[in-house]
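A short write-up of the structure that comes next.
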Amino acid sequence: MYKSYTVNKNDADQRLDKFLTKTVKALPQSMLYKALRTKKIKVNRKRAEPSQRLQEGDVIELYLKDDFFSEEAKEQSFRVLTPSLNIAYEDENIIICDKRQGLIVHSDDKEEVNTLINHIKAHLYRKGEYDPDAENSFAPALCNRIDRNTGGLVIAAKTASALRFVNEKIKNNEMVKKYVCAVHGVPEKKQDTLRGYLIKFGDENKVTVYDVKPKSGDVKTIITKYRVIAEKNGNALLEVELITGRTHQIRAHMSKIGHPLLGDGKYGVNREEKKQGYKFQALYSRYIRFDFKEDAGEFEYLNGKEITVDLKDIWFVKDFLY
């Protein structure tokens, strides 16, 4: 079978093998590289290398069996959704949503349709900003994630260039992220910078924090800053700034110092809090600031921009303030 793809703006500037992996999902990696070696995949009618960077307008030709194109149907689940989003900020490149607690960000084995990314795709599809039939390899994607039972700000990119840019800024710690949480007890220090080492155990979807660096395992350094905002009934409301962003970092780090989050049954005991209405851990991604270290070109307009969720709109804050 012969099939061709014309590289569009969202496909450009990525490796050929990465493009093919995302676009022809049924094609095994071994067959992909063999097809490139034997010239069954060409770019602009010429032999192509796996690492070749694609340019807008390039034509990719594939001479492969029909079987490899059998799974090309576009993901349609978002089309059945009526988008339900609390949009904190939106422009032509990104959208930042205030995710409600209990909503999963990506599909899993229990939920495939009602996810944050599908609601975002549905929103953009209805606005005419996302046409899956016009895309080869790109779909709107999340730049950061938070747990199902954590609420707050999540960034999604509308274009491939925005996705690469924001991901790079997050990786380089050029974004400030602050959370609000409620914890058992009141930390002795009203503000502190915690340092430690984290290992994730995949089978349990749980992490462990150590004061001394373990000699084995996939060890990640973590840095967590906090300050006490308010105290009530022997518990505390904290603002937490993530210097590093690791899985369950805030939950595990606060538990490590003896102050697990209210409502958190994984890193604490939440039986009593459930009776008080704490169905989820008391954790909310409240603040994002773009803090670029150098000129950001077409995205420089984002530098210094702050997105904030009002404290009064966070469900557990009322137990400490107002």
Side-chain angles (χ1 to χ4, degrees), residues 1-81 93-95 104-143 145 156-168 171 202:
M1 179 179 179
Y2 169 79
K3 192 169 184 66
S4 68
Y5 300 93
T6 300
V7 174
N8 63 28
K9 185 176 180 180
N10 281 324
D11 300 323
D13 198 34
Q14 65 179 309
R15 288 170 55 116
L16 173 60
D17 54 356
K18 300 297 184 185
F19 170 88
L20 292 170
T21 298
K22 290 184 283 188
T23 306
V24 191
K25 295 181 174 63
L27 181 62
Q29 290 284 296
S30 58
M31 292 295 295
L32 187 160
Y33 292 109
K34 181 178 180 181
L36 285 166
R37 289 196 306 271
T38 57
K39 299 189 219 179
K40 291 184 178 179
I41 299 177
K42 298 181 179 180
V43 176
N44 301 327
R45 300 188 178 183
K46 297 179 182 178
R47 180 172 183 166
E49 296 296 327
S51 61
Q52 180 173 331
R53 291 280 173 180
L54 297 174
Q55 304 294 319
E56 187 172 358
D58 283 349
V59 177
I60 303 169
E61 299 173 296
L62 298 92
Y63 300 85
L64 302 171
K65 294 180 179 179
D66 292 356
D67 295 348
F68 296 130
F69 302 105
S70 62
E71 295 182 13
E72 280 196 25
K74 302 286 185 181
E75 176 59 60
Q76 300 293 311
S77 61
F78 71 88
R79 296 183 193 244
V80 305
L81 278 178
N93 294 305
I94 65 171
I95 178 171
I104 196 168
V105 293
H106 286 128
S107 61
D108 62 9
D109 55 357
K110 296 180 181 177
E111 180 57 65
E112 294 185 358
V113 178
N114 188 33
T115 67
L116 177 63
I117 189 57
N118 270 347
H119 279 280
I120 289 172
K121 288 179 181 178
H123 167 72
L124 297 177
Y125 178 68
R126 293 190 177 207
K127 286 182 68 181
E129 293 188 33
Y130 171 49
D131 178 5
D133 298 320
E135 296 292 346
N136 295 314
S137 65
F138 178 78
L142 302 183
C143 303
R145 307 177 188 184
K158 297 183 179 183
T159 67
S161 59
L163 181 62
R164 287 192 294 269
F165 174 81
V166 176
N167 283 345
E168 185 69 15
K171 179 182 177 182

Looking only at non-hydrogen atoms, find the nearest pair between [X] and [Y] and report the distance.
X: Ile117; Y: Pro140; value: CD1-O, 3.4 Å
X: Arg47; Y: Gln52; value: O-OE1, 4.4 Å
X: Arg79; Y: Tyr125; value: NH1-OH, 2.8 Å
X: Leu142; Y: Leu163; value: O-CD1, 4.1 Å
X: Val59; Y: Ser4; value: CG1-CB, 4.3 Å
X: Glu56; Y: Asn8; value: CG-C, 4.0 Å

Around atom NZ of Lys22, are there more than 12 heavy atoms of other residues, nucleotides or ligands at under 6.0 Å?
yes
Counting only heavy atoms not in Lys9, do more than 12 sit closer than 6.0 Å to its NZ atom?
no
Can you check side chain to side chain contact (heavy atoms under 4.5 Å, CB included) on Leu54 and Leu16, steps first, answer last?
CA-CA 6 Å; Leu54 297 174; Leu16 173 60; 4.0 Å; yes
The single option from Asn10, Thr6, Asp11 that satisfies side chain to side chain donor-acceptor pair (under 3.5 Å) with Asn136 is Asp11
Partners meeting side chain to side chain donor-acceptor pair (under 3.5 Å) with Glu168 (sequence neighbours left out)
Asn172
For Asn118 and Thr115, indicate whether the former's side chain and the latter's backbone hold a donor-acceptor pair under 3.5 Å.
no
Take His119 and Asn114 through the test side chain to side chain contact (heavy atoms under 4.5 Å, CB included) and record every step on the way to the result.
CA-CA 7 Å; His119 279 280; Asn114 188 33; 2.7 Å; yes
Please round to the nearest 0.5 Å and tell me the distance separating atom [atom1] of [X] and atom [atom2] of [Y].
X: His123; Y: Leu81; atom1: NE2; atom2: CG; value: 13.5 Å
X: Thr159; Y: Phe165; atom1: OG1; atom2: CZ; value: 11.0 Å
X: Asp58; Y: Arg53; atom1: CG; atom2: CZ; value: 13.0 Å
X: Asn44; Y: Gln55; atom1: CG; atom2: CD; value: 10.0 Å

Decide side chain to side chain contact (heavy atoms under 4.5 Å, CB included) for Leu62 and Leu20; before the verdict, give the C-alpha distance in whole Å, the side-chain angles of both, and the deciding distance to 0.1 Å.
CA-CA 10 Å; Leu62 298 92; Leu20 292 170; 3.9 Å; yes
Audit row: Leu64, Lys3, side chain to side chain contact (heavy atoms under 4.5 Å, CB included) steps and yes/no:
CA-CA 8 Å; Leu64 302 171; Lys3 192 169 184 66; over 6 Å; no
Side chains of Val24 and Tyr5 in contact at under 4.5 Å (non-hydrogen atoms):
yes
Just wondering, do Tyr2 and Glu61 contact through their side chains at under 4.5 Å, heavy atoms?
yes
